[in-house]
Novice: 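This structure is in structure tokens; I'll ask about it shortly.
Here is the naming used below: chain letters follow the sequence lines, and residue numbers restart at 1 for every chain.
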Amino acid sequence: MINPRIERNEKPQKRKGCLIIVILIFLIILALCFIFRSKIESHLPFLNINNSKSSTNPSYNLSGTLYFIRNKDIWKISGQNASQVTHEKDISYLDVSTDGTEAVYSVVNTNESDLFEMNLQTGQKNQLTNDSSKYLDSNFWALAPFISTDGKSIVYLSDKSKLTYSNSDLSVFTINMANTTTRLPHEITHGYPYTGGDQNPTFYPGNSSYILYTKYIYAQDQPQPFSKLYLMDTNAMQSYALTPDFSGTYQASFSPDGTEIAFVKRDSVSGVDDAQNNIYIMPFSISNLSAANPESAFNASYVNAVLIHSGKDAYPVFSPDGNKLVFYTLNNNQFNISEIDLKKITDKNGNVNIKTGKVNVVLNTTGIDTTSNLSWIDPSTTIN
Amino acid sequence: MQIDIKQDNQFNFENTEKKPKRHLGCFVILFILLLILACIGYFFRSYLEVIPTLFAVTQQAVPRTKAEDTIKYQYTGSKYINILLLGSDNDAKFDPSNVLTQTMIIVSINIQTNTVNMISIPRDSWVKIDGMSGGYGKIDQASGLGGLALARQTVEENYGVHIDYYAWVGLQGFVKVIDTLGGVDIDVNHPVIDDVYPNDINGSNPYSAIRLYIPAGMQHLDGTTALEYVRSRHGDLQGDFGRSARQQQILLALKGKVDKTNIISEIPSLSTDLGSSVRTDMTPQEIANLAPLLIKINSSNIHRYILSPPDYGVNGFSPDGTQDIVKPDMTKIQTLINSLIQ
């Protein structure tokens, strides 16, 4: 008589046997995969391994919308979410209008670049410059555009002055956007040859007659050019030095009310090799500018500059209410977008103590383009 | 009957329990064996792919010349390790066996004080070269005339520094090293504009040029952009000396990168990538011994020198007036080197 239990036990054994064979085959395949891993991967064109880490700080909630460039596209951070705005894969040097409707940027190609504007609601693009040529020396750069508060002017960098001066580097140009028929570029500064030229032009808030920019200059007997900040009064075509020679100051931006300037300064600890790119803020007033002594205009403001953050930083930009500062900072071989609350580091008497301030990591991800401006837009003008 | 059944049941129960135990045991053994097999497979693959390349890159000893044996150096002992870093434009314009060394940097590591001195020798330095017509030539021509051995001998003879090892990198090798390490983070001190940057790596015509722009400030550079940064010589008034400073800057940034990267995990991809683009006479073991030492050295203990005019020579022309050269001030240079390596 057959014991029914024995019959019942035979099937699980077979199943287990099958299971072991399946696991065996799986492990053999696994072993083979280890051996031939690189070959298998290289023959799978659809296999896209993305090791990039991306994370917004869950404890940080950004007020408004912050635009930046990541992997050649426009991205934005709203609240706690970072999202991709464009899928162009050719965007560099971004700025967004204060109402958040228009983006201006450069498309950089081999030998030249051009400016574009894009309606962020419709995605419609419009080319603003056309500087490409089949002849190498007839190509030009159009870079780092910045829109005025009223949206009627764009300031940017170009080496088109080479048409006039053969050895000129990047200079500051403007385009009047209000004129929709002829948008001829107008040269504002003249970049010194072999310095790379001028950099980071921005308008004074509410008055596009004043342009803040970084100038690179050679001093006598100095092998390398140094950077300093200038303000150009385009009505008088008078420039004012806002920082002294050899100050190593660059990448400056105005506070929304124009009373302060944030900038980066190269501070050396024990030599050029361990220089820090620290962020400072200095007070500013147009009324302090004296045409009688334009190269000493910094005396009223630079002496009161205060250190805000120490690190390998880039592009400090004020929040729309002027109470916070956002910037790129290098941390552990990766650039973060970080923020510091200026109110928390300022005491009742207006003195700044950076030790009391906490730096908030807004976004920690790969592929952030730190050569592009950060654009922080007021919540009331945010595009959803 | 009940007892029998119970016994029968027990018997059956034991039977059904014992067999799976055996299977489970076999399964565990098989699992472990296969796991070992997988590991062996992995390392076998690594060995197959990496080791030959690793040995193709390293241990490329260049026999010392007879003249090298007769050189008398200012220092003795094993306090320093001196490595001669060489970089060449090994693009299609040049015969691969006859490339010039556009970059020559002596990296002197003091293993007692954990300090490093990087000394860049301008490629146009007019120095005594064994076998050169007229006895003198630009130092970058030594490798073209007598290979890496003569390049090393020329540095040793003219600068009085014994070279323990050399490391040579070509254009593609430089790009691959940077890319394999995930790029490099650099503070570009001033914007670089070069309207005639050589388009000799990717273009169909190695003699053609492209326009180059690199903005100022902290940024992440990939291998290609990093090469452009260290190779451009029309972006400032210093020309070749300016790029020597940028080369040293990249080396420092790479050191910082290696400090924070698990370099061991990158060795397979580095070795596979580098192939014929990098060569050194160091053994893998010597590199492995040196790596922790370099990581330990603080950036503030790394000092940079460029033997360029006006401090260490004057610009001029070759005796026949056909070449722009740098006439090195060997008295000042020797004083500097003696103060650094003694």
Novice: Side-chain contact, heavy-atom cut-off 4.5 Å: A:Y93 with B:P215?
Specialist: yes

Novice: If a pair satisfies salt bridge (Lys or Arg N to Asp or Glu O under 4.0 Å) and one of its residues is in residues 181-190 of chain B, list it, with sequence neighbours excluded.
Specialist: A:R266-B:D187

Novice: Indicate the atoms forming the closest heavy-atom contact of B:P191 with A:G197, along with that distance.
Specialist: CG-O, 3.9 Å

Novice: Atom NE2 of B:H220 and atom CG of A:N333: how far apart are they, to the nearest 0.5 Å?
Specialist: 9.0 Å

Novice: Considering the options A:T110, A:D137, A:D159, which one meets the side-chain contact (heavy atoms from CB on, under 4.5 Å) requirement together with B:R211?
Specialist: A:D159

Novice: Taking all heavy atoms of A:K162 and all of B:D195, pick out the closest pair and write down the distance.
Specialist: NZ-OD2, 2.6 Å

Novice: Considering non-hydrogen atoms only, spot the tightest contact between B:N189 and A:Y216 and give its length.
Specialist: O-CE2, 3.3 Å

Novice: Of A:L330, A:I368, A:T370, A:D369, which is the lone residue that meets side-chain contact (heavy atoms from CB on, under 4.5 Å) with B:Q219?
Specialist: A:T370

Novice: Of all heavy-atom pairs between B:Q238 and A:P223, which one has the smallest distance, and what is that distance?
Specialist: NE2-CB, 2.9 Å

Novice: Looking only at heavy atoms, which two atoms of B:G217 and A:Y250 are closest? And how far apart?
Specialist: CA-CE1, 3.8 Å

Novice: Locate the shortest heavy-atom distance separating B:I210 from A:L136; write the atom from each residue and the value.
Specialist: CA-CD1, 4.1 Å

Novice: So do the side chains of B:Y213 and A:V108 get within less than 4.5 Å of each other, counting heavy atoms only?
Specialist: no

